[in-house]
Amino acid sequence: MKYRLGELIESISKTYDLKNKESVTFVNTGDVFDGSISGNETKIKDLPGQAKKSIELNDILFSEIRPKNKRFALVTGIDPKNYVVSTKLMVLRNKNNLVLDTNYLYFYLTSPLMLAYFQSEAESRSGTFPQITFRENVANIKIDLPPLIEQRKIVQRLSVINDKVKLNNQINDNLVV
């Protein structure tokens with residue numbers, strides 16, 4: 001079935017509640033790369049002004065700036081209650097788990113075809129750096145979704161391939177002298 005992404009996902013801008021915290025892990029665009037999230041433990045008083053957004057498990061972080069730089073990740077394997085993210089990262093959340101598998105969406109958004117599209121859109125904007133927005137560049141994308149069971153099968157296959165690529169890259173990194 002065909003959908004516009006804005007019907008299936010939303011861009012979350014919920015402000016992180018800093019009360020009763022001494023420090024949090026701040027995630028800036030440079031702390032997100034091709035599926036991984038790092039960040040720096042930062043005292044609340046030292047947080048930069050763009051440290052505002054809260055996240056949840058299975059959110060997709062996607063940089064608004066220079067999509068070709070692969071500053072994106074699916075939020076898994078961390079406790080999101082201890083993380084605050086930059087306003088320069090889109091926080092994308094699935095609105096309908098009965099129609100859309102979040103992992104499928106992640107593979108879709110981070111595919112070479114979509115990254116090229118986003119980069120082209122970013123470069124067509126006027127401004128000091130190539131940037132995309134949810135409302136203008138993501139929400140109106142039309143997607144023809146297979147049934148949920150088929151999405152999950154596709155994700156399973158792509159995950160196996162991705163895991164092998166990561167393992168091969170680690171092996172190659174260890175071979176370099």
Side-chain angles (χ1 to χ4, degrees), residues 3-111 114-115 118-119 121-122 125 127-141 143 145 148 151-152 155 159 162 166:
Y3 295 90
R4 280 183 333 97
L5 282 182
E7 297 173 293
L8 301 171
I9 62 173
E10 58 190 331
S11 179
I12 304 297
S13 291
K14 184 179 176 195
T15 303
Y16 186 89
D17 184 5
L18 298 170
K19 292 179 195 155
N20 302 321
K21 298 266 186 180
E22 289 186 32
S23 64
V24 291
T25 300
F26 171 57
V27 179
N28 207 342
T29 53
D31 301 317
V32 176
F33 181 70
D34 199 12
S36 63
I37 302 171
S38 56
N40 295 302
E41 184 76 18
T42 307
K43 291 183 188 273
I44 300 301
K45 65 181 179 73
D46 296 330
L47 284 171
Q50 75 265 24
K52 297 210 183 295
K53 292 183 178 182
S54 63
I55 57 174
E56 292 180 5
L57 286 175
N58 295 316
D59 283 345
I60 296 171
L61 303 182
F62 202 100
S63 177
E64 297 177 353
I65 303 163
R66 295 179 190 91
K68 70 178 181 180
N69 289 351
K70 296 185 173 186
R71 300 297 180 178
F72 49 74
L74 182 62
V75 179
T76 60
I78 62 170
D79 181 0
K81 293 182 205 117
N82 296 322
Y83 285 72
V84 60
V85 301
S86 169
T87 55
K88 291 298 178 189
L89 287 165
M90 280 187 266
V91 178
L92 305 176
R93 188 169 296 155
N94 189 346
K95 295 194 296 189
N96 191 342
N97 289 314
L98 299 176
V99 174
L100 177 66
D101 182 281
T102 303
N103 291 293
Y104 183 88
L105 174 66
Y106 177 75
F107 280 120
Y108 179 80
L109 292 175
T110 61
S111 69
M114 289 308 299
L115 290 178
F118 288 137
Q119 186 64 30
E121 288 289 300
R125 288 178 51 114
T128 55
F129 44 83
Q131 181 175 355
I132 60 172
T133 66
F134 178 77
R135 192 175 73 237
E136 292 177 21
N137 307 108
V138 179
N140 292 316
I141 292 173
I143 184 171
L145 279 180
L148 195 56
Q151 291 176 49
R152 290 183 176 142
V155 165
S159 294
N162 255 12
K166 285 180 186 176

- request: Let me know which of Asp101, Leu100, Leu105 forms a side-chain contact (heavy atoms from CB on, under 4.5 Å) with Asn103.
  value: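 Exactly one pass, corresponding to Asp101.
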- prompt: Would you say the side-chain atoms of Glu41 and Ser23 include a donor-acceptor pair closer than 3.5 Å?
  reply: yes
- prompt: Any chance the side chains of Thr102 and Asn58 put a donor and an acceptor closer than 3.5 Å?
  reply: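 Absent: no donor and acceptor within the cut-off.
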Heavy-atom side-chain contact between [X] and [Y] under 4.5 Å:
X	Y	value
Thr25	Thr42	no
Lys88	Ser63	no
Ser159	Phe107	yes
Val75	Val91	no
Gln50	Thr87	yes
Tyr104	Arg152	no
Val99	Leu145	yes
Val138	Met90	yes

Test: Glu7 and Lys95 ion pair at under 4.0 Å: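 Not counted as a salt bridge, because no side-chain N and carboxylate O are separated by less than 4.0 Å.
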message: Does this structure show an ion pair linking Arg93 with Glu56, if we count only N-O contacts that are shorter than 4.0 Å?
response: yes
field: Contacts of Phe118 that satisfy ring-ring contact (aromatic ring centres under 6.0 Å, His included) - sequence neighbours left out
entry: Phe62
- prompt: Can you tell me how far CD1 of Ile44 sits from CG of Leu18, rounded to the nearest 0.5 angstrom?
  reply: 4.5 Å
- prompt: Got a second to check how far Leu89's CG is from Lys53's NZ, nearest 0.5 Å?
  reply: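 Going from CG on Leu89 over to NZ on Lys53, the span is 7.0 Å.
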message: Taking NZ in Lys21 as the centre, count heavy atoms belonging to other residues, nucleotides or ligands within less than 6.0 Å. Is the count above 12?
response: yes
Sidechain-backbone polar pair: [X] side chain, [Y] backbone, donor-acceptor under 3.5 Å:
X	Y	value
Ser38	Asp31	yes
Tyr16	Val24	no
Asn137	Thr133	yes
Glu64	Gln131	no
Asp17	Lys19	yes

task: Quick one: closest heavy-atom pair of Ile132 and Glu121, and the distance?
output: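 Taking Ile132 first and Glu121 second, the nearest heavy atoms are CG2-CB, 4.3 Å.
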